Number of protein chains: 2
Amino acid sequence: MPTVSSEELAAAAGVNSAKLRKDFSYLGSYGTRGVGYDVEYLVYQISRELGLTQDWPVVIVGIGNLGAALANYGGFASRGFRVAALIDADPAMAGKPVAGIPVQHTDDLEKIIQDNGVSIGVIATPAGAAQQVCDRLVAAGVTSILNFAPTVLSVPDGVDVRKVDLSIELQILAFHEQRKAGEEAMEALPDGLPAAAAAKGSADQGPDGDVPAVMPA
Amino acid sequence: MPTVSSEELAAAAGVNSAKLRKDFSYLGSYGTRGVGYDVEYLVYQISRELGLTQDWPVVIVGIGNLGAALANYGGFASRGFRVAALIDADPAMAGKPVAGIPVQHTDDLEKIIQDNGVSIGVIATPAGAAQQVCDRLVAAGVTSILNFAPTVLSVPDGVDVRKVDLSIELQILAFHEQRKAGEEAMEALPDGLPAAAAAKGSADQGPDGDVPAVMPA
DNA sequence: CCATCTTTGTGCACGCGTTCACAAAGACAT
DNA sequence: ATGTCTTTGTGAACGCGTGCACAAAGATGG
C-alpha cells in the first residue's frame, strides 16, 4: 500500500507539516500513525470533499479566442468538469465545431441550461455583453459564474461570481520586477513598503497574498 | 478638488476603513485631515508604487487560442504593459499578424528579448514545450514569467514565476456549488469543513483565500 | 507479548494582521 | 481669531492562523 507522510507532502508543497496535518484533520482522521497517509484513499477523500468526484456540466458563453482556448483546455475533464455546450451570439458561428463541440446560438441559451441541468456558467464575451449574458444565465438557473470579461457583474444573492483578470497576475510580476530593479537604489526611494519588502524573496508560483490588497479602479 | 474619504473607499471596496488608512500610510501621508484624499494624487501615488506608470515590454510565446486572446486583451495597455512581440514555434504562423502584431518564429527568441529589453515573458504554449521555452527566456534575460501551461516550471533563483490555472477558479465555484446543494442535507454529511462553512456567505469576486490551500496534484 | 520506533493528531503559545478608539490636524463657519 | 466639526494617522488590544512540541497510536521486530 503506497503511503506518504505529512513530512514528505509538506516538503513537496513547501508548507509546514503540522499545518498540513491540521488541515487534513478537518476532513477526518485518514492517516495511520507510524505509517502516514494511504495515497489513494487520501486523494479520494480530498477529491470528494472538493467536489472533484462529481460531474459538473458547464456552458461557455462567448466563443472568441478565449472561449475557444477554454473549450480546448484539457484540465477541465480531469477535474470533473464537462463542457455541456458552447454558446455564441454570432449566427455565423452556429453549428461550427470548436474542440469537437458544435457552437449554439444565444437564442437557445435558456433551453440549453435547463436541458443539461447546468449550474455553472463561464462568460468569455466582450465586456459590453457580459452583464446581459449574466442576467440570462441567472434567470435560467445558473448559480455560479466565472467571469473573464473586464466588468464587475451584479447578481442577486445566492449566486457566486468569480472574476478572472488576466492582467492582474502580470501586474504582480511587474511589481516584483520593479522591486528587483530598485533594490540597489532601495535607500534612495522616498518610502519603503514593508509588506512588499517582506515578500521580496517569495519563490512560490501561486496566487497568494504577496501584494497589497487595495488597488485603484 | 475631488476627494474621497477612507470611509467611502472602504465601503466601496468592502473592507475596514482603518485598514485602508493604515495601508495608505505605508505609502506616505497623502490625505488631508477633515477632508480625505485627493483622488487624482492618490491614484497617481498608488499607480507609481505598483509600477503602473512604467512601460513594461512583454513577449507572449505560444500563439494558439490563448496566446491570441492575451494579445487581443485590452486591459494590458492601460496598466503599462506593451506587447513587444508574439512568438510561435510554427513556421506557418511567422509573419501572420495577430492583434496587429506580426508573429515571429521561436528561432529569434533571444534576439527579440534582447532588442526590446524584455524582462517579463508570458508562456501560453502546450505543456510539453513550456519548460524549454522557459529556459530560453531565462537564458535570454527574462526574470519574470507568467505561465499558463499546465506545468510547474523550474527556474533559477532570482526569477519569479506565476502559474495561472484556468480550472482552479472553476473548481472553487464547484466547491461552493457543492456546499449550496448539500446545505439542506448538511447534518447528514460525515464531516463538516469549518473553513468552508465559514466562507459560505462570501460575496466577493476576487481570488482570495476562501478555499482550503492544499490540493492533490 | 513486549519494546522500540515512526508518524499522526492536537493542545498551547507565539506572532502577525485586523480592528478599535482616540488624539492630532486641518478645514470651515462665525 | 477662535471654536467646531470632520477625517486622518496610529498606538494598543484583540483574534486568528501558524508552528512547536508532545502524547497517543499503531506498526514492526525480537
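Proteins get letters first, then strands, A, B, ... in listed order; numbering begins at 1 in each. Just so it is clear, the structure is predicted and the values come from calculations on it, not from any experiment.
A straight line from CG of Asp23(A) to P of dG19(D) spans 11 Å, rounded to a whole angstrom. Rounding to whole angstrom units, CG of residue Leu20(A) and C1' of dC20(D) are separated by 16 Å. Atom pair Lys19(B):NZ and dA21(C):P shows a separation of 19 Å (rounding to whole Å applied). Per the geometry, OH belonging to Tyr30(A) stands 13 Å off P belonging to dT10(C), to the nearest Å. Atom-to-atom, CZ of Phe24(A) to P of dG19(D) comes out at 15 Å; the value is rounded to the nearest Å. With rounding to whole Å, Glu7(B) atom CD is found 12 Å from dT19(C) atom P. Nucleotide dT8(C) holds its C1' atom 15 Å from the CG atom of Asp38(A), rounded to whole Å. With rounding to whole Å, Asn16(A) atom CG is found 8 Å from dC20(D) atom C1'.
When distances run from any side-chain atom of Arg33(B) to the nucleotides dA25(D), dG19(D), dG9(D), the shortest one goes to dG9(D). Closest approach to the Arg21(A) side chain among dA21(C), dG11(C), dT8(C) is made by dT8(C) (side chain taken as heavy atoms from C-beta onward). The side chain of Tyr37(A) has dG9(C) as its nearest neighbour among dG26(C), dG9(C), dT8(D). Relative to the side chain of Thr32(A), the nucleotides dT10(D), dT8(D), dA27(D) differ in distance, and dA27(D) lies closest.
The side-chain contact (heavy atoms from CB on, under 4.5 Å) check on Gln131(B) picks up Cys134(B), Asp135(B), Leu153(B), Ser154(B), with sequence neighbours excluded. Applying the side-chain contact (heavy atoms from CB on, under 4.5 Å) test to Ala85(A) and every residue at least two apart in sequence or in another chain returns Val59(A), Gln104(A), Ile112(A).
When heavy atoms are screened at a 4.0 angstrom cut-off, Ser6(B) is found touching the sugar-phosphate backbone but no base atom.
Residues Tyr44(A) and Asp38(A) have side chains that never bring a donor and an acceptor to within less than 3.5 angstrom of each other.
Here the side chain of Gln132(A) pairs no donor or acceptor atom with the backbone of Ala129(A) at under 3.5 angstrom.
Contact annotation: Ser29(A) side-chain N/O to dG9(C) OP1/OP2 distance is under 4.0 Å.
Place Lys22(B) and Lys22(A) on DNA chain C by their nearest nucleotides, and Lys22(A) ends up nearer the 5' end. Nearest-nucleotide mapping onto DNA chain D: of Gly34(B) and Val35(A), the residue sitting toward the 5' end is Gly34(B).
Residues Tyr30(B) and Tyr37(B) keep their aromatic ring centres 6.0 Å or farther apart.
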